[in-house]
Amino acid sequence: MKTSVKKCLFPAAGYGTRFLPATKAIPKEMLPILTKPLLQYGVEEARSAGIDTMAIVTGRGKRAIEDHFDRSYELEHQIDGTSKEALMFEIRDIVKNCTISYTRQVEMKGLGHAILTGETLIGDEPFAVILADDLCDNAENEPVLSQMVKLYAQYQCSIVAVEEVPTKDTNKYGIVAGEFITPDIMRVQNMVEKPEPQDAPSNLAIIGRYILTPDIFDIIRDVKPGKGGEIQITDALLEQAKQGRVIAYKFKGKRFDCGSVDGFVEATNYFYAKSNA
Ligand code: UTP
């Protein structure tokens with residue numbers, strides 16, 4: 001098995017119902033913060049962690065994603081040599097230098113199921129997962145996934161990024177508990193999907209950044225539908241955690257939940273202020 005992380009999986013098949021009607025014909029992952037779609041931020045984060053193979057799990061109505069990560073000859077011909085060309089540098093660079101492949105999730109049976117759908121693109125090696133609707137920014141200039149890839153080199157086990165959330169919000173997240181081995185790193189012993197505050201083992205919530213070892217696929221295959229009738233990645237990770245093979249990492253940086261309208265607006269304001277600073 002490979003010992004370094006060379007591929008990143010992007011589950012992007014969800015319906016994005018919180019953004020209806022915008023997401024009726026536009027994938028949630030293509031909604032822009034300023035001028036850049038959420039998914040492009042995610043791909044750029046993966047690249048800065050040394051990853052250039054992207055595996056995207058799409059679904060019905062998500063074709064705009066494939067068009068975005070492709071050449072657009074007519075448009076590009078129009079802007080070549082104009083001041084607008086600079087706006088395309090980053091996406092052109094991605095298209096030129098990354099391998100991007102796609103598979104479709106036919107039934108939206110949850111995040112665990114979406115990750116399992118990506119097995120065909122990942123194979124038998126450790127991989128990163130980015131949920132593009134969790135947008136991360138880092139004040140210290142080291143993107144969150146890059147921090148995690150470094151940790152993987154040391155620990156060689158699954159890693160989930162976590163942050164403290166208000167107790168009233170535990171029912172929106174997978175919540176972890178365990179033993180801290182450094183001030184930022186916890187060996188996970190327990191995980192619960194979206195517990196009510198009174199049942200939550202802590203207020204440390206998993207956000208949309210993971211590094212997973214490939215045995216997770218066989219574990220997901222055996223997971224029964226959990227909360228909401230969906231195949232939950234948390235349930236699969238709990239099996240690894242019972243063997244001491246999951247760490248939770250309190251990442252450095254800022255995260256915006258762009259899957260919610262409030263988080264999306266907050267991210268827009270933050271990135272706008274930053275771009276004018
Ligand atoms: P969410 O829980 O945000 O669900 O999924 P959603 O369907 O995208 O959005 P709402 O709640 O209806 O507004 C978290 C991530 O998992 C992916 C989504 O695309 C998102 O990136 N996902 C979820 C899948 O790829 N497949 C699924 O079956 C479920």
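Residue numbers start at 1 and run along the sequence shown. Whatever order the structure lists them in is the order used to number ligands and atoms, beginning at 1. Remember, predicted model here, so these are calculated numbers, not experimental data.
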Between R71 and E76, does any side-chain N to carboxylate O distance fall below 4.0 Å? yes
Among all protein heavy atoms, pick out the one at the shortest distance from atom 26 (N) of ligand 1; state its residue, atom name and that distance to 0.1 Å. Q105 OE1, 2.7 Å
Which residues satisfy the ring pair (Phe, Tyr, Trp, His ring centres under 6.0 Å) test with Y249, sequence neighbours excluded? none
Output a table of donor-acceptor pairs, distance under 3.5 Å, between side-chain atoms of residues 172-181 and any protein atom two or more places apart or on a different chain; print 'none' if there are none.
unit_1: K172; atom_1: NZ; unit_2: D169; atom_2: OD1; d: 3.3
unit_1: Y173; atom_1: OH; unit_2: R255; atom_2: NH2; d: 2.8

Using a 6.0 Å cut-off, check whether atom CD of Q78 has over 12 heavy atoms from anything other than its own residue. no
Give me the atom names and distance for the closest heavy-atom approach of P183 to K250. O-CD, 4.1 Å
For E230 and ligand 1, answer yes if some heavy atom of the residue is under 4.0 Å from a ligand atom, otherwise no. no
Compare every heavy atom of G110 with every heavy atom of Q105, then report the nearest pair and how far apart it is. NE2-O, 3.5 Å
What is the nearest protein non-hydrogen atom to atom 2 (O) of ligand 1, stated with its residue, atom name and distance? R18 NH2, 4.3 Å
Nearest protein heavy atom to atom 16 (O) of ligand 1, by residue and atom, and its distance? L111 CD1, 3.7 Å
Ligand 1 contact on A12 by region, counting heavy-atom pairs under 4.0 Å: backbone
For atom 22 (N) of ligand 1, grab the closest protein heavy atom and report residue, atom and distance to one decimal in Å. G14 N, 3.7 Å
the protein heavy atom lying closest to atom 7 (O) of ligand 1 turns out to be Y15 N, 3.0 Å
Scan side-chain atoms only and decide if Q40 and E44 contain a donor-acceptor pair under the 3.5 Å cut-off. yes
Examine K28 against ligand 1 and note whether any of their N/O atoms are separated by less than 3.5 Å. yes
Heavy-atom distances under 4.0 Å are what count here, so tell me which part of D133 touches ligand 1: side chain, backbone, both or neither. side chain
Once you measure the plane-to-plane angle for Y270 and F256, does it fall in the parallel (<30°), tilted (30-60°) or perpendicular (>60°) bin? tilted
Between ligand 1 and F19, is the shortest N or O to N or O distance under 3.5 Å? no
For atom 29 (C) of ligand 1, state which one of S260, G118, G16, G110 supplies the nearest heavy atom. G110
Give the residue and atom name of whichever protein heavy atom lies nearest to atom 17 (C) of ligand 1, and the separation in Å to one decimal. P11 O, 3.8 Å
